[in-house]
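The structure appears below as structure tokens.
By convention in this document, chain letters (A, B, ...) are assigned in the order of the sequence lines, proteins followed by strands, and residues within each chain are numbered from 1.
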There are 2 protein chains.
Amino acid sequence: MLSIGELSKRTGVKIPTIRYYEQMGLIDAPERSSGNQRRYSRQGFERLSFIRHGRELGLTIEDIRELVTLSCHPEKPCGDAHHIAARHLASVQARIAKLKRLEKELKRISILSDSGHVGECNVIRSLSDHSHCETEH
Amino acid sequence: MLSIGELSKRTGVKIPTIRYYEQMGLIDAPERSSGNQRRYSRQGFERLSFIRHGRELGLTIEDIRELVTLSCHPEKPCGDAHHIAARHLASVQARIAKLKRLEKELKRISILSDSGHVGECNVIRSLSDHSHCETEH
DNA sequence: CTTGACCCTATAGCTACTAGAGAGATTATA
DNA sequence: TATAATCTCTCTAGTAGCTATAGGGTCAAG
């Protein structure tokens with residue numbers, strides 16, 4: 001049986017976050033010690049690891065709740081789970097594309113000398129400048 | 001002079017967001033019509049565009065506030081502005097790297113058949129499985 | 001048995017918005 | 001000029017996903 005602090009160390013999820021997940025119903029309320037402290041079993045550890053992976057992959061709490069529910073009903077078809085992953089894959093790819101554009105822009109912005117004054121500064125000029133926009137506005 | 005609605009259309013920033021920026025002190029409170037409605041000048045439009053660009057690049061409100069302050073003091077050296085851009089470039093690159101790892105993982109997860117049941121589902125198994133982790137925990 | 005590290009609940013705060021209520025202003029049309 | 005449609009106003013509260021704080025109780029080593 002793990003205390004919340006040990007569970008936190010082993011999963012890398014912060015203590016208040018673990019309690020938050022419990023409150024949100026993502027993890028079951030664990031057993032308590034005689035002094036009312038949380039004591040986690042191996043299952044508790046695994047559930048939290050599952051959630052942590054999901055969050056690292058950028059799934060929302062809601063997505064994870066769906067997956068948790070599915071995993072409690074192994075007789076259901078798993079199309080839903082694939083659907084969640086696929087939906088997320090698309091959004092990850094979109095985010096990568098967008099960030100790459102931003103990277104290019106930031107490089108363009110900060111490439112020049114650091115020695116000037118704000119009056120002729122590229123960072124500020126670039127942010128005021130629409131000529132490089134890829135979205136129109 | 002633009003109404004808040006027109007300003008919103010031209011910059012792509014939603015009306016409540018414009019008022020929020022004003023409240024946060026990112027943009028100056030504009031003139032008002034006789035009936036107390038906001039009326040924006042060309043400068044107001046430019047300032048908001050500047051902010052919008054910054055947000056699109058993922059700068060925080062605080063970063064932008066610093067840049068706005070800098071841009072009001074053109075006699076200062078612009079190292080600070082470059083520093084903000086450079087710091088952000090680093091974090092964008094880190095995010096790209098992380099998302100690419102996630103993309104790979106999601107592809108691995110959702111590549112297989114959709115026909116199974118949760119019991120043998122890859123999505124859920126993968127999220128419980130640490131063997132592909134690149135970060136240790 | 002005391003000390004220090006840990007844990008408890010409850011509440012408030014964070015970022016960057018977004019939504020809604022209820023009232024007033026502006027503008028287009030009849 | 002009257003009226004209807006469309007803005008716009010302020011204020012409050014809600015969103016996600018935590019994080020921090022206050023004021024207390026618990027656990028394990030020496």
Side-chain angles (χ1 to χ4, degrees), chain A residues 1-27 29-41 44-45 47-48 50-68 84 87-88 91 95 98 102, chain B residues 1-27 29-41 44-45 47-48 50-68 84 87-88 91 95 98 102:
Chain A
M1 290 307 227
L2 301 172
S3 71
I4 197 169
E6 279 176 285
L7 182 65
S8 170
K9 262 177 219 145
R10 290 184 197 202
T11 58
V13 178
K14 287 178 187 161
I15 291 173
T17 306
I18 295 172
R19 292 197 275 244
Y20 169 74
Y21 288 159
E22 182 183 326
Q23 207 183 309
M24 292 299 101
L26 281 190
I27 55 184
E31 288 176 45
R32 299 284 181 131
S33 73
S34 57
N36 199 35
Q37 299 191 352
R38 289 171 180 82
R39 291 294 177 260
Y40 293 91
S41 65
F45 169 78
R47 166 68 61 90
L48 187 56
F50 179 99
I51 292 167
R52 192 217 153 156
H53 280 259
R55 288 296 299 140
E56 276 186 349
L57 291 172
L59 299 177
T60 65
I61 297 275
E62 264 323 298
D63 285 343
I64 293 169
R65 197 199 309 279
E66 286 176 55
L67 290 176
V68 164
I84 291 170
R87 171 172 13 108
H88 196 63
S91 97
R95 273 152 70 191
K98 195 174 175 194
L102 305 190
Chain B
M1 291 308 229
L2 302 171
S3 71
I4 198 169
E6 279 177 285
L7 182 65
S8 170
K9 262 176 219 146
R10 291 185 196 200
T11 59
V13 178
K14 287 178 187 160
I15 291 174
T17 306
I18 296 173
R19 292 196 276 244
Y20 169 74
Y21 288 158
E22 182 182 325
Q23 207 184 309
M24 293 298 101
L26 280 190
I27 55 183
E31 288 176 47
R32 299 283 181 130
S33 73
S34 56
N36 199 35
Q37 299 192 351
R38 290 169 178 83
R39 291 295 178 261
Y40 293 91
S41 66
F45 169 77
R47 165 70 60 92
L48 187 56
F50 179 100
I51 293 167
R52 192 218 152 155
H53 279 259
R55 289 294 301 139
E56 276 185 350
L57 291 172
L59 299 177
T60 65
I61 296 275
E62 264 323 297
D63 286 342
I64 293 169
R65 198 199 307 281
E66 286 176 56
L67 290 176
V68 165
I84 291 170
R87 175 179 0 118
H88 195 63
S91 97
R95 273 151 70 192
K98 197 173 174 194
L102 305 190

Check your understanding: Is there a side-chain contact between B:Ser8 and B:Ile15, using heavy atoms and a 4.5 Å cut-off?
Key ->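 Yes - at least one pair of side-chain heavy atoms lies under 4.5 Å apart.
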Practice item. State, yes or no, whether a side-chain contact exists between B:Arg39 and B:Ser33 at a heavy-atom distance under 4.5 Å. Key: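 Answer yes - side chains close enough.
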Exercise for review: At under 4.0 Å between heavy atoms, which parts of nucleotides 19-27 of chain D does protein reach? Answer with one letter per nucleotide, 5' to 3': B base, S sugar-phosphate only, - none.
Suggested key: B-----BSS
Point to revise | 5' priority, DNA chain D, between B:Gln23 and B:Ile15 [closest heavy atom] | key: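 Counting from the 5' end, the first nearest nucleotide belongs to B:Ile15.
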Checking [X] now: which residues fulfil side chain to side chain contact (heavy atoms under 4.5 Å, CB included) with it, not counting sequence neighbours?
| X | answer |
| --- | --- |
| A:Met24 | A:Tyr20 |
| A:Gln23 | none |
| B:Glu31 | B:Met1 |

Atom-to-atom span, [atom1] of [X] to [atom2] of [N] - whole angstrom:
| X | N | atom1 | atom2 | answer |
| --- | --- | --- | --- | --- |
| A:Tyr21 | D:dG17 | OH | P | 8 Å |
| B:Met1 | D:dT8 | CE | C1' | 16 Å |
| B:Leu7 | D:dC7 | CG | P | 15 Å |
| A:Ile27 | D:dG17 | CD1 | P | 15 Å |

Review point. By salt bridge (Lys or Arg N to Asp or Glu O under 4.0 Å), which residues pair with B:Glu6, not counting sequence neighbours?
Key: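 Only B:Arg10 meet the salt bridge (Lys or Arg N to Asp or Glu O under 4.0 Å) criterion with B:Glu6.
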Check your understanding: For B:Arg38, what residues pass the side-chain hydrogen bond (donor to acceptor under 3.5 Å, both in side chains) criterion, not counting sequence neighbours?
Key ->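 Once residues adjacent in sequence are excluded, the partners of B:Arg38 under the side-chain hydrogen bond (donor to acceptor under 3.5 Å, both in side chains) criterion are B:Glu22.
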**Study point:** B:Arg65: partners by side-chain hydrogen bond (donor to acceptor under 3.5 Å, both in side chains), with sequence neighbours left out
**Key:**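 Counting only residues at least two positions away or on another chain, B:Arg65 forms a side-chain hydrogen bond (donor to acceptor under 3.5 Å, both in side chains) with B:Glu62.
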**Study point:** 5' to 3' contact window, DNA chain C with chain B (heavy-atom distance under 4.0 Å)
**Key:**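 It runs C:dA16 to C:dT26.
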